[in-house]
Amino acid sequence: MKALPFPCIRPLPQHAAQAASLPYDVFDRKEAADYVADRPLSFLNIDRPETQFPTDQDMYAPEVYQRAAQLMQDRIDSRIYMRDPNRCYYIYELEMDGRVQTGLVAVCSVDEYEDGTIKRHELTREDKERDRIEHIRALGCQTGPIFLAYRDQPVLDMILGAAKMATPLYDFVDEENVRQTVWEVKRSDTVEAIAAMFQHIPCAYIADGHHRTASAVKVAQQMREEAKAAGTYTGREPFNYFLSVLFPASQLTILPYNRVVKDRCDLSADQLVERVRQAGFTVEPANAPVAPQEAGRMGMFADGQWWNLSLGQELAQQVAAADPVSALDVSILQEQVLSPILGIGDPRLDPRISFVGGIRGTDELERRADTEGVAFSMCATGIDQLLAVADAGLLMPPKSTWFEPKLRSGLFIHQIRK
């Protein structure tokens, strides 16, 4: 596959810690506004430009995206950000709770997404794509890196390890206590060696960022058509590539992605328990919050009580014979409980269901379920399960994986139009 160096727009080192922010989509609108209120240099101001307007402003209006473009230009004019003219790679290391993952910042091919070399495992929503499409077009830049995984390549690990012996470009600990370290790779021999190694990697997998990827690809398709109509298309334009960080799969950590349904379809907690038993689960009351650690086990919280759920014998046999998607805990819950008992037909579209990353803990599930709803705590999907689903050309249910730590936005920007 192709993973290429690129000329990066990036913060000057003294501004990197203030500029780096969590991805735009981990905040709701109020959370984003509250976050940027006393963080004027945070890239979230640009990623979520509606924060610069009154709360009743249409967040998808053209002037909102124009404001993002103006803020980006202001950052460059004021020397908070710089345009690096060199075609470089960057090594991006994140350390959290003693765990380290080391990725390569590069641009990957739109063509390889279209032909399946870069594999996806989730469906996307058109409304979410449309937002990032407008954001990319307004800025002429891709600002949110796509989180890609590849099957381990020890020789590449050695090359990146040697490059990390140099002095870091950035090195700071962020507000979530994640150490962020970045090295610039611009020596021609190292750049050539990295590019050559990726030619021996047959494919990559989207770990996180399906909407950002789909949006970047659709912008590329639009700009291709515009360039062809103008007779200027060459195939070498920057928009034919999208900003990515690629990690060895073995280094990644997936946390649970839990579910909350805001009502129980008029079922009492006891009635719900009985319906879940009839669906093929063993249900036992728990004396403490349930955080499952193995596949086939889940927690359920309703009306102030936690229960342990596990697959009954017949259901377990069905799962053992199922395809990689149907065997996922999130699929079992959807097919056996959420759809037939709680009426959640399409979890991508139903406003009654919300998804809570495991990083937020069980207290958040109890808070959201309150007295009328129900929460389900899940065992994390395994990285091997993700790869198996993608290799089979199948798609997971939405919100099946929550990766930690999250890649920060604002450290690397890929300009696709001058």
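Computed over heavy atoms, backbone and side chain alike; hydrogens, waters and symmetry mates excluded.
More than 12 heavy atoms of other residues, nucleotides or ligands sit less than 6.0 Å from atom CD of Q14. More than 12 heavy-atom neighbours from other residues, nucleotides or ligands sit within 6.0 angstrom of CG on D189. For R87, the CZ atom sits in a loose shell: 12 or fewer heavy atoms of surrounding residues, nucleotides or ligands are nearer than 6.0 Å. Around atom CZ of R187, no more than 12 heavy atoms belonging to other residues, nucleotides or ligands sit under 6.0 Å away. Surrounding CG of D266 are at most 12 heavy atoms belonging to other residues, nucleotides or ligands under 6.0 Å away. Heavy-atom contacts from other residues, nucleotides or ligands closer than 6.0 Å to NZ of K30 number 12 or fewer. More than 12 heavy atoms of other shown residues, nucleotides or ligands fall within 6.0 angstrom of atom CZ in R348.
Using modelled atom types, one finds a donor on one side chain and an acceptor on the other under 3.5 Å when comparing Y92 with Q180. In this structure, a donor-acceptor pair under 3.5 Å is present between the side chains of Q52 and N45. For Q415 and R83, the side-chain atoms include at least one donor-acceptor pair closer than 3.5 Å. Counting only N and O atoms by type, the side chains of Y60 and R130 include no donor and acceptor under 3.5 Å apart. Between the side chains of D131 and Y65, at least one donor N or O lies within less than 3.5 Å of an accepting N or O. In this structure, a donor-acceptor pair under 3.5 Å is absent between the side chains of N258 and S377. A side-chain donor from one of D74 and Q70 sits under 3.5 Å from a side-chain acceptor of the other. T124 and E129 share a donor-acceptor pair across their side chains, judged by distance under 3.5 Å alone.
At least one donor-acceptor pair under 3.5 Å links the side chain of Y81 to the backbone N or O of G410. Although no hydrogens or angles enter the test, the distance criterion places a donor-acceptor pair under 3.5 Å between the side chain of H210 and the main chain of H121. Between the R264 side chain and the G373 main chain, a donor and an acceptor come within less than 3.5 Å of each other. Not one N or O on the side chain of H414 forms a donor-acceptor pair closer than 3.5 Å with the backbone of P7. Formation of a donor-acceptor pair under 3.5 Å by the Q293 side chain with backbone atoms of A291 is found in this model. Q57 places no side-chain N or O within donor-acceptor distance of the main-chain N or O of M59, the cut-off being under 3.5 Å.
We find that D111 and R224 are joined by a salt bridge, their nearest charged nitrogen and carboxylate oxygen being less than 4.0 Å apart. Between D127 and R132, none of the side-chain N atoms (NZ, or NE/NH1/NH2) sits under 4.0 Å from a carboxylate O, so this pair counts as no salt bridge. We find that R48 and E50 are joined by a salt bridge, their nearest charged nitrogen and carboxylate oxygen being less than 4.0 Å apart. Using a 4.0 Å cut-off between charged nitrogen and carboxylate oxygen, R151 and D391 count as a salt-bridge pair. R137 and E134 are not joined by a salt bridge, as no carboxylate oxygen comes within less than 4.0 angstrom of a charged side-chain nitrogen. Between E404 and R99 there is no salt bridge, since no side-chain nitrogen of the basic residue lies less than 4.0 Å from a carboxylate oxygen of the acidic one. Contact check on E372 versus K262 returns no salt bridge, with no Lys/Arg side-chain nitrogen under 4.0 Å from an Asp/Glu carboxylate oxygen. A salt bridge between D329 and R297 is absent, with no side-chain N of the basic residue lying under 4.0 Å from a carboxylate O of the acidic one. Salt bridge status for E176 with K406: absent, with no side-chain N to carboxylate O gap under 4.0 Å. Look at K164 and E93 and you find a salt bridge, because one of the NZ, NE, NH1 or NH2 atoms lies within 4.0 Å of a carboxylate O, short of that distance.
We find the CG-CG distance between L104 and L156 to be 7.0 Å, quoted to the nearest 0.5 Å. Remark: K2 NZ to N240 CG distance equals 9.0 Å, nearest 0.5 Å. Note that CD1 of I136 is 9.5 Å distant from CG of L139, once rounded to the nearest 0.5 Å. Rounding to the nearest 0.5 Å places CE of M396 at 5.0 Å from CG of L328. Here CG of L387 is found 5.0 Å from OH of Y205. Values are rounded to the nearest 0.5 Å.
By the 30° and 60° cut-offs, the orientation of the rings of F412 relative to Y170 is tilted. Classified by interplanar angle (parallel below 30°, tilted 30° to 60°, perpendicular above 60°), the ring pair W306/F301 is tilted. Ring planes of Y35 and F27: tilted class, angle from 30 to 60°.
Between Y150 and F247, a ring centre-to-centre spacing not shorter than 6.0 Å is recorded.
Under a cutoff of 6.0 Å and an axis angle of 45°, K399 and Y257 do not form a cation-pi pair.
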- Message: Quick one, Q221 with E114, criterion side chain to side chain donor-acceptor pair (under 3.5 Å). Give me CA distance, side-chain angles, the key distance, then yes/no.
- Response: CA-CA 11 Å; Q221 292 168 341; E114 292 177 323; 2.8 Å; yes

